[in-house]
Trainee: 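Please read through the structure below; I'll follow up with questions.
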Amino acid sequence: MDGIIGLLPCTLAILAVTVGVDRLRWSKADSFPQLDAIPSVGPSGHLSSYYGAARFILHAKSMIQEGYDQYKDGFFKVPMMNRWVVVITGPRLLEELRKIPDERLSFDHAMRDLLQVKYTFGLEAQEHPYHVQVIRDHLKRNLSELFPSVFEEIRLSLNDVIPLQEKNGWVKVGAYSAAMKVTCRTSNRIFVGLPICQSAEFEELQSKFALQVMTRASLMNLFPTLLHPLIGRLLTNTPSSLRRCMALLKPIVDERLRNEELLGKNWPGKPRDVISWLIDVSSPEDRNVRSIALRILVLNFASLHTSAQSFAHALFNLAAYPQYQEPLREEVRDVIDKQGWSKESMSQLPKMDSFLKESQRVSSTSLMPVVRKAMEDIIFSDGTKIPTGTHVAVASGPMHFDSRYYPNADEFDPFRFCPTRKEVSTKYSTNLTQLSFGQGKRACPGRFFASTMMTTMMAYLVLNYDMKLENDGVRPPDEWFLMNCSPNRTAEILFRRRPMC
Ligand code: HEM
Ligand SMILES: *[C@@H]1O[C@H](CO)[C@@H](O)[C@H](O)[C@H]1NC(C)=O
Ligand SMILES: *[C@@H]1O[C@H](CO)[C@@H](O)[C@H](O)[C@H]1NC(C)=O
Ligand SMILES: *[C@@H]1O[C@H](CO)[C@@H](O)[C@H](O)[C@H]1NC(C)=O
């Protein structure tokens with residue numbers, strides 16, 4: 001992120017030159033449809049809105065909150081450097097949005113703009129999204145059987161990132177990088193299997209690529225659309241990442257294709273992992289190393305930072321409120337004593353489940369996880385018209401702190417989602433909490449895997465460690481960039497191994 005912030009002066013200088021050009025397009029072009037009827041946050045003049053867009057880079061949270069407080073259960077718009085985003089602010093409108101089919105309010109086209117898909121991944125992964133089917137169907141259905149490998153990788157990688165300390169002393173661990181390492185190894189145990197999931201080179205490739213896509217796309221979005229073809233070509237690193245990923249995966253993919261040819265589709269000893277399933281469902285033109293490697297990059301992009309940030313947030317919350325470690329530990333110990341480690345036992349931890357949900361509520365990684373693009377004019381029931389080409393987002397961040405949906409919304413109340421606590425769940429609270437994984441048909445297909453992975457990591461940690469924060473237990477401040485909220489990337493958490501019991 002420092003890189004991006006360092007580039008800001010340069011960006012602003014180029015903007016000064018291009019704003020003039022862009023203004024001409026302001027009223028006509030696809031990115032700037034007429035939205036006068038929808039109130040804005042910040043100045044809305046042709047030039048002054050650029051000031052709002054610049055503010056949004058580091059102050060998105062307060063700007064979205066401002067619009068939310070002013071236009072409850074309605075709409076407002078916020079300026080980005082290259083477009084307006086219309087934000088909806090209540091569950092009633094969210095329900096309406098959910099029912100509008102993807103052809104009219106498109107997830108893919110919103111991603112094309114936000115992630116600059118054309119320049120980052122290339123459009124082919126969106127045009128042949130067979131990896132989504134693999135996560136949605138195969139992974140979800142095989143999770144119970146895969147659980148032992150998932151658990152083994154979690155155990156091994158956590159033992160690697162938390163070094164043993166003599167005499168049961170405390171040991172400091174960078175929470176964000178630990179979360180990144182463990183989620184990368186664990187999800188890739190399922191994506192590509194042993195031994196590649198444990199390769200340091202593979203891990204570095206995946207975590208760097210995911211971050212680069214984010215930073216490059218965000219950077220591109222600071223520039224007017226007019227300049228994208230130019231900047232896009234300068235910034236992309238996809239060809240080199242793809243080549244490295246292909247080199248690492250080639251031996252496996254080749255071997256599996258060969259085995260299938262020789263021994264048939266269900267050859268004996270065929271591994272159960274995402275690579276096998278990708279080969280199974282791909283059409284003939286996608287049955288090659290290049291296509292499979294691209295899908296592995298895309299899946300890592302979708303899963304790594306989301307899971308690592310959510311998990312690091314949860315770790316900071318658990319270390320910041322150490323009094324909840326013992327109740328969670330008791331719950332885990334109870335279930336493990338009776339049933340051992342399995343996907344089923346991990347789904348019988350209502351306190352842990354509630355703790356992770358509460359952590360996602362108060363420390364969402366995204367202010368507006370749901371974004372869609374209007375492919376035609378959309379008219380909501382209150383008459384609000386969203387013109388073709390406009391991005392529509394949901395203000396889930398402020399809704400998570402609205403006391404109409406969550407009593408004592410400002411309080412971190414880890415067990416508020418326990419089924420025994422009937423008093424807290426309002427009509428909407430469960431749906432709103434799930435917003436972190438998106439909405440409707442395009443909601444995150446990896447959410448079941450992500451939940452199982454995070455529950456298991458946390459269960460293993462509470463059982464085996466005590467945790468606390470440095471600096472008298474004060475949680476380090478989060479780092480905001482546009483709509484993304486990351487926990488502090490360098491802050492450490494102290495771990496102490498608990499005596500074996
Ligand atoms: C805590 C972790 C995660 C969070 C918060 C998260 C969040 C999201 C969100 C908000 C979306 C967009 C949904 C929408 O707009 O309605 C999404 C899409 C997606 N996620 Fe996740 N995700 C997580 C983990 C994962 C994992 C582990 C995987 C893979 C195993 C994954 C794979 C995907 C894919 C492939 C899509 C695109 C779906 C499509 O094209 O229809 N995610 N995720
Ligand atoms: C694993 O996934 C495959 C493909 O979706 C499916 O045929 C198989 O039945 C699944 N295994 C189990 C135990 O559900
Ligand atoms: C919650 O979401 C489900 C589907 O995801 C929907 O059927 C239900 O109506 C929603 N409930 C509320 C109160 O909006
Ligand atoms: C992150 O935490 C470290 C160590 O606690 C601290 O030195 C640093 O200033 C923090 N960074 C931010 C952006 O708050």
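In listed order, ligands and their atoms are each counted from 1.
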Trainee: Can you pull out the closest protein heavy atom to atom 7 (C) of ligand 1? Residue, atom name and distance to 0.1 Å, please.
Mentor: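 Among all protein heavy atoms, the one nearest atom 7 (C) of ligand 1 is S436 O, 3.5 Å.
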Trainee: Judged by atom type as modelled, is there a donor-acceptor pair below 3.5 Å linking the side chain of H313 to the main-chain atoms of S359?
Mentor: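 No.
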Trainee: Is the shortest distance from a Lys or Arg side-chain nitrogen in R185 or D160 to a carboxylate oxygen in the other one below 4.0 Å?
Mentor: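 Answer for the salt bridge query: yes.
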Trainee: Can you pull out the closest protein heavy atom to atom 40 (O) of ligand 1? Residue, atom name and distance to 0.1 Å, please.
Mentor: R442 NH2, 3.1 Å
Trainee: I'd like to check which ligand 1 atoms, numbered from 1 as shown, lie under 4.0 Å from a non-hydrogen atom of A443.
Mentor: 13 (C), 16 (O)
Trainee: Are D280 and K270 ion-paired here, with the side-chain N under 4.0 Å from a carboxylate O?
Mentor: yes
Trainee: List the closest protein heavy-atom neighbour of atom 12 (C) of ligand 1: residue, atom name, distance to the nearest 0.1 Å.
Mentor: F107 CE1, 3.6 Å
Trainee: Looking at T388 and M375, would you say the former's side chain and the latter's main chain have a donor-acceptor pair under 3.5 Å?
Mentor: no
Trainee: Determine the interplanar angle of the F412 and Y324 rings, folded into 0 to 90°, and report it as parallel if under 30°, tilted if 30 to 60°, perpendicular if over 60°.
Mentor: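 Answer is tilted, since the angle falls between 30° and 60°.
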Trainee: At a 4.0 Å cut-off, with the gap strictly under it, does some heavy atom of M454 reach an atom of ligand 1?
Mentor: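 Yes.
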Trainee: Tell me the protein N, O or S atoms under 2.8 Å from atom 21 (Fe) of ligand 1, in chain and number order.
Mentor: C444 SG
Trainee: Tell me, which protein residue and heavy-atom name are nearest atom 30 (C) of ligand 1, and how many Å apart are they?
Mentor: F191 CZ, 3.7 Å
Trainee: Report yes or no: does S291 contribute a side-chain atom to a donor-acceptor pair with the main-chain N or O of R287 at less than 3.5 Å?
Mentor: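 Answer holds: no.
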Trainee: Would you check whether V132 reaches within less than 4.0 Å of ligand 1, judged by its heavy atoms?
Mentor: yes
Trainee: Do the ring planes of F147 and F151 sit parallel (below 30°), tilted (30 to 60°) or perpendicular (above 60°)?
Mentor: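 Ring orientation of F147 relative to F151: parallel.
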Trainee: Tell me which one of S307, S366, S396 gets a heavy atom nearest to atom 2 (C) of ligand 1.
Mentor: S307
Trainee: Which parts of the protein, at residue level, reach under 4.0 Å of ligand 4 through a heavy atom?
Mentor: P477, E479, N488, T490, A491
Trainee: Which atom names give the shortest non-hydrogen contact between M453 and S187, and what distance separates them?
Mentor: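 Result for this residue pair: SD-N, 4.2 Å.
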Trainee: Are any side-chain N or O atoms of R447 and backbone N or O atoms of C444, one a donor and one an acceptor, separated by less than 3.5 Å?
Mentor: yes
Trainee: Would you call Q198 and E153 a side-chain contact if the rule is heavy atoms closer than 4.5 Å?
Mentor: yes
Trainee: Is the charged tip of R361 near the ring of F401: under 6.0 Å from the six-membered ring centre and within 45° of its axis?
Mentor: yes
Trainee: For atom 1 (C) of ligand 1, find the nearest protein heavy atom and state the residue, atom name and distance (0.1 Å precision).
Mentor: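 I find the closest protein heavy atom is S310 OG, 3.4 Å.
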Trainee: Has N221 got a side-chain atom pairing as donor or acceptor with M81's backbone, closer than 3.5 angstrom?
Mentor: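 Looks like no, no N/O pair under 3.5 Å.
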Trainee: Check this for me, if you would: do R112 and D108 make a salt bridge, where the nitrogen-to-carboxylate-oxygen distance has to be below 4.0 angstrom?
Mentor: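 Answer for the salt bridge query: no.
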Trainee: Identify the two heavy atoms, one from N300 and one from A210, that lie closest to each other, and give their separation to 0.1 Å.
Mentor: O-CB, 4.4 Å
Trainee: Tell me whether ligand 1 is touched by R372 - counting only heavy atoms on the residue side and a distance under 4.0 Å.
Mentor: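 Yes.
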Trainee: What about Q439: any of its N or O atoms under 3.5 Å from an N or O on ligand 1?
Mentor: yes
Trainee: Going by an N to O cut-off under 4.0 Å, is there a salt bridge joining E95 and R92?
Mentor: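 No, E95 and R92 are not salt-bridged.
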